[in-house]
Amino acid sequence: MKMTVIDGSVLSQCAEGDRNNGRQYEIMALVHRSNPPRYFTEMAIKTVSTTPFDDQKPGTSGLRKQVPTFQKPNYLENFVQATFDSLDDYQGKTLVLGGDGRYFNRPAIQIILRMAAANGVGKTLVGQGGILSTPAASCLIRKYDAFGGIVLSASHNPGGPEGDFGVKYNVSNGGPAPEKVTSAIFEHTKSISEYQITDTEDIDLDELGTKQVGEMTVEVVDSVADYAELMEQLFDFGKIRKLLEGNFSMCMDSMHAVTGPYAKAIFEQALGAKAGTVTNGEPLEDFGGGHPDPNLVYAHDLVKVMFAEDAPDFGAASDGDGDRNMILGNNFFVNPSDSLALIAANATLIPGYKDGLSGVARSMPTSQAADRVAKKLGIDCYETPTGWKFFGNLLDADKITICGEESFGTGSNHVREKDGLWAVLFWLNVLAERQQSVEEIVTEHWKEYGRNFYSRHDYEGVDSAKASELMDGVRSQLSSLPGQKLGDYTVEYADDFSYTDPIDGSVSEKQGIRIGFTDGSRMVFRLSGTGTQGATLRLYLESYEPDESKHNVDPQAALKPLIKLADETAKIKELTGRDEPTVIT
Ligand code: VG1
Ligand code: CO
């Protein structure tokens, strides 16, 4: 490595070898900016002129666009520079960087490393091969006191050259940036005129160890080790191992996404599950052409296995970036809202939670099953808008220990993201303790608390204008609905959900339209904030049944009157032009 003191007098000496490859201008730029003179280590910072893109507003979880959009010249760079520009006091500190391995992950990482170096980041921890699951990134940020992290993922959206890509910024608590940060980033994207990037070579992302990008140190770290260690601290690995080495059978579908290496290391190596327990365990850039969303439609491979005659005892799947989970028993589906309630109810069986919970939280559209558990435990249950960023303050203030969403997301205060494999381990630990089947555990829960019948209907790829018309149509009825009789139901409240954060007082409005009935039933309408094509309408339906003899009913049948009412209220079929939802959960 060449090291030359830069100031006017030695510039010629330093630039000797660089004159011929056009770097002289950059070096001179560096000289002008360096006061006092600093050391030059074959790095030059380039300032590149750019113009704003008008579509860089982060959604529910970061900026998500189709890959060709991210490949447009300066598109990624603008967003990354806007992110640095909206932060204070990160110079010389540590950044965590990794992604779910989808197409464009590697080139994006090289670009971000060069930009981080040019913007003065001291050190970047990168997952080997550019791989970090979202919860593992959160774990690293916390463990190594990073100022933040950049996670490259479009989560459950398909990948590949024509698929989706995404960039998410996480703050120093390890969680998704709160709205004030994402709004600041968006503001910067609207006025950006230049970005900083070093003129350095790509680094080897596959070989572990310390490297250098300009003046920034890069440490390529094992993607799995720290996360696996954290899991071992929370769960009774001895008991789970005993379960998995016995007659118990399990199938874990990683859907060719990021959890493959994590699941193999944890289940097959650390916990002694049979080889082959983890299926689709090789992360692929296009997820094998699949849609890495662990639900009953897209996780069809697993569903086929778990609903066969000789199905295993336990099945699970996770999404593109490893923060979601689906839990299945032998011929049995665990609704994610029920999973959250069950996790809360059984928490003291788990070593990491044996002292009990400070409180729980769920997103607004998530069923109220968790509320019933909280009530019984005598703890608070908070209702937040959709998206993990709203749980961060509650977790930091220790108002809650466990939280979750209906969209296959559960987590706790161990990191600041939802965590798919954590949920799977939680279930395994409960199964090991209780020595009952998944179905028995869930039906006993319903017996004790009553059953919250719950379903989400997604209408994907709907015309955006029609979707807005639909939402406006429902919104226009809100003031007149309370007190009205709709079919057999009487409306108790109807509003556009607004949330005031109990910790910092920030207000988030228009977080979904909810219509609640006097018997506790609800329907909620929301437009997705993670899609990239057209609009996705989400209809969430819930009713409560205390009577045990009526629990063994298909939720679609139990919710039929509400489904009909939702269509009448919002004219779903007419405006979407669809007879059926794309996905029913
Ligand atoms: C969806 C889910 C939401 C989740 C978000 C990010 O958002 O509904 O609960 O937090 O995805 O999850 P939306 O706006 O499309 O409804 V992930 O695993 O995509 O990071
Ligand atoms: Co995800």
Exercise. CG/D323 to OG/S153 distance, rounded to the nearest 0.5 angstrom?
Worked result: 7.0 Å
Seminar exercise, completed: Applied to residues 324-344, the side chain to side chain donor-acceptor pair (under 3.5 Å) test, sequence neighbours excluded, yields H156-R324, D293-R324, N325-T410, D338-W446, S339-W427
For this session: Only one of I400, T401, L357 passes side-chain contact (heavy atoms from CB on, under 4.5 Å) with N413; say which it is.
Result: T401
Exercise. Do D319 and S155 have side-chain N/O donor and acceptor atoms under 3.5 Å apart?
Worked result: yes
Seminar exercise, completed: Heavy-atom closest pair (L537 atom, I572 atom, distance to 0.1 Å) is CD2-CG2, 4.0 Å
Problem set entry | Pair D164 + R102: basic N to acidic O under 4.0 Å | no
Exercise. Think K376 forms a cation-pi with Y449, using NZ or CZ under 6.0 Å from the six-ring centre and within 45 degrees of its axis?
Worked result: yes
For this session: May I ask you to say whether R241 pairs ionically with E245, meaning some side-chain N is under 4.0 Å from a carboxylate O?
Result: yes
Problem set entry | Carboxylate-amine/guanidinium contact R522 E542, below 4.0 Å | yes
For this session: Verify whether one side chain among T536 and S528 offers a donor that lies under 3.5 Å from an acceptor in the other.
Result: no
Exercise. Taking atom types as modelled and ignoring hydrogens, do the side chains of D253 and N280 form a donor-acceptor contact shorter than 3.5 angstrom?
Worked result: yes
Exercise. So, are E383 and R514 salt-bridged, with charged N and O less than 4.0 Å apart?
Worked result: yes
